[in-house]
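Since the structure is predicted, the reported quantities are computational estimates derived from the model, not experimental observations.
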Amino acid sequence: MIKAVVFDVDDTLYDQKAPFEAALAPILGLPSEVDLNTTFQAYRQQSHQAYAHVINGHWSEQEMAVKRLNTALLAQHLPTVDAQSALNFEEAYTAGLADIKLFPGLSTALDSLSQQYQLGILTNGNTQFQLAKVMQLQMHRWIDREAIVTSEEVGLAKPDPQIFTLMNRRLNLRASEVAYVGDCYSMDVRAAKQAGWQSFWFNHRDLEEPDGQWVPDQTVTDPLELQELLLALTTIPEA
């Protein structure tokens, strides 16, 4: 029986693509209606790899900014940018993240969930940066600091199942008693399943399953479906 629901942060609790596009389109000189989805997805994938290079001392912050963005641009056959433009993008993107809001319906769902389940956050990234997003989203209304785990803080990162095991200890629950909500198949769905958790895939970007080995327990494709799924958990009678 599920006793806790744990959430990813980026593009799970809020729309990460909107501030990304708002920061990048002017730098590329593109009209706002151009869809940068391929670039956005490639940038997110590069972020996971680039962060590891910085932590290990292989890249400086500036090198990370340039290589991450240009690799993502090439994925959509867009022209690359110079170092200053990459840094300007990073500055604008970071500023945009200061105005993020929860996906519609999540606040209502969290109000109900918090009455019946332990809630937590498990996210990769810089602790200060991720906590700033958590505060902007007002997640402290439902989740205590002790139930927030970042990869920098604990020295482990998704998709390593050990970070999920560490979260088990934080919640004092067995793996089978925890469900994870995330948008990324490899980092969230597959990783959670490998750790013995249930997984709810918030696939609002309409991404394909890379393989069929690890099947999410539930898949939803828009914020309304996510709200309905989470509210449905609160109607399950306690054993």
Discussion item. Is there a side chain to side chain contact (heavy atoms under 4.5 Å, CB included) between Met139 and Ile121? Walk through the geometry before answering.
Written reply: CA-CA 9 Å; Met139 293 299 291; Ile121 284 175; 4.2 Å; yes
Discussion item. Test side chain to side chain contact (heavy atoms under 4.5 Å, CB included) on Val81 and Asn70; report intermediate values, then the result.
Written reply: CA-CA 7 Å; Val81 299; Asn70 281 335; 3.5 Å; yes
Practice prompt. Please step through side chain to side chain contact (heavy atoms under 4.5 Å, CB included) for the pair Thr221 and Asp206, ending with a clear verdict.
Written response: CA-CA 7 Å; Thr221 58; Asp206 195 26; 6.0 Å; no
Worksheet item: Does the ring pair (Phe, Tyr, Trp, His ring centres under 6.0 Å) test come out yes or no for Phe89 and Phe20, once each step is laid out?
Response: CA-CA 9 Å; Phe89 160 74; Phe20 175 86; 5.4 Å; yes
Practice prompt. Kindly determine whether Asp11 and Phe40 satisfy side chain to side chain contact (heavy atoms under 4.5 Å, CB included), including the steps that lead there.
Written response: CA-CA 11 Å; Asp11 221 32; Phe40 171 67; 3.7 Å; yes
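Expressed to the nearest 0.5 Å, how far CG of Leu230 lies from CG of Leu119 amounts to 9.5 Å. To the nearest 0.5 Å, atoms CD1 (Ile163) and CG (Asn124) are separated by 6.0 Å. Interatomic distance, Leu173 CG to Trp197 CH2, rounded to the nearest 0.5 Å: 9.0 Å. Distance CZ/Arg170 to CD1/Ile148: 9.5 Å, rounded to 0.5 Å. Between the CD atom in Gln128 and the OG1 atom in Thr150 there is a gap of 11.0 Å [rounded to 0.5 Å]. The OG1 atom of Thr80 sits 7.5 Å away from the CG atom of Leu73 when rounded to the nearest 0.5 Å.
Across all non-hydrogen atoms, the minimal contact from Glu209 to Pro216 is OE2-CD, 3.7 Å. Nearest heavy-atom pair, Ala86 versus Ala65, reported as atom, atom and distance to 0.1 Å: CB-O, 3.9 Å. Residue Ala191 comes nearest to Phe164 through the heavy atom pair CB-CE1, 3.6 Å, listed as atom of the first residue, atom of the second, then distance. Of all heavy-atom pairs between Tyr117 and Ala4, the closest is CD2-N, 4.0 Å. In terms of heavy atoms, Ala42 sits closest to Ala72 at CB-CA, 3.7 Å. Here the closest heavy-atom approach between residue Ala83 and residue Val66 is recorded as CA-CG2, 3.5 Å.
A continuous path of ILVMFWY side-chain contacts below 4.5 Å connects Val178 to Val154, so both sit in one hydrophobic cluster. Val215 and Tyr180 are not part of a single hydrophobic cluster, where members link through side-chain heavy atoms under 4.5 Å apart. Residues Leu122 and Leu102 do not share a hydrophobic cluster, defined by chaining ILVMFWY side chains whose heavy atoms lie under 4.5 Å apart. One hydrophobic cluster holds both Val5 and Phe103 under the rule that ILVMFWY side chains link at heavy-atom gaps under 4.5 Å. Note on Leu131: it clusters hydrophobically with Ile100, by side-chain heavy-atom contacts below 4.5 Å among ILVMFWY residues.
Of the possible polar contacts, one joining the Asp160 side chain to the Gln162 backbone as a donor-acceptor pair under 3.5 Å is found. Formation of a donor-acceptor pair under 3.5 Å by the Gln76 side chain with backbone atoms of Thr39 is found in this model. Between the side chain of Gln194 and the backbone N or O of Pro161 there is no donor-acceptor pair closer than 3.5 Å. Formation of a donor-acceptor pair under 3.5 Å by the Thr235 side chain with backbone atoms of Ala232 is found in this model. In this structure, the side chain of Ser114 engages the main chain of Asp111 through a donor-acceptor pair within 3.5 Å.
For Glu153, the side chain to side chain donor-acceptor pair (under 3.5 Å) partners are Arg145, not counting sequence neighbours. Residues that satisfy the side chain to side chain donor-acceptor pair (under 3.5 Å) test with Gln16, not counting sequence neighbours, are Arg44, Tyr93.
Side-chain contact between Leu110 and Phe7 is present, with heavy atoms from C-beta onward closer than 4.5 Å. Taking 4.5 Å as the limit, every side-chain heavy atom of Lys3 sits out of range of all side-chain heavy atoms of Gln118. Two residues are said to be in side-chain contact when any heavy atoms from C-beta on lie closer than 4.5 Å; Val134 and His140 fail this criterion. Using a 4.5 Å cut-off on side-chain heavy atoms (C-beta onward), Leu36 and Tyr43 make no contact. Two residues are said to be in side-chain contact when any heavy atoms from C-beta on lie closer than 4.5 Å; Leu229 and Phe202 fail this criterion.
Applying salt bridge (charged side-chain N to carboxylate O under 4.0 Å, His left out) to Arg205 and the options Asp183, Asp222, Asp15 leaves one that passes, Asp15. Just one residue in the list Leu30, Val34, Leu69 forms a side-chain contact (heavy atoms from CB on, under 4.5 Å) with Leu24, and that residue is Leu69. Between Val6 and the options Val181, Leu171, Ile143, a side-chain contact (heavy atoms from CB on, under 4.5 Å) holds for only Leu171. Of the residues listed (Gln46, Gln45, Glu90), the one engaging Arg68 in a side-chain hydrogen bond (donor to acceptor under 3.5 Å, both in side chains) is Glu90, and it is the only one.
As a member of the Ile/Leu/Val/Met/Phe/Trp/Tyr network built from side-chain separations under 4.5 Å, Trp214 groups with Tyr185, Val189, Trp201, Leu207.
Gln130 and Thr123 share a side-chain donor-acceptor pair at under 3.5 Å. A side-chain donor-acceptor contact under 3.5 Å links Ser85 and Asp82. Between the side chains of Thr234 and Gln116, no donor-acceptor pair of N or O atoms lies under 3.5 Å. Neither side chain, Lys133 nor Gln136, offers a donor N or O lying under 3.5 Å from an acceptor on the other.
Within 6.0 Å of CG on Asn172 lie no more than 12 heavy atoms contributed by other residues, nucleotides or ligands.
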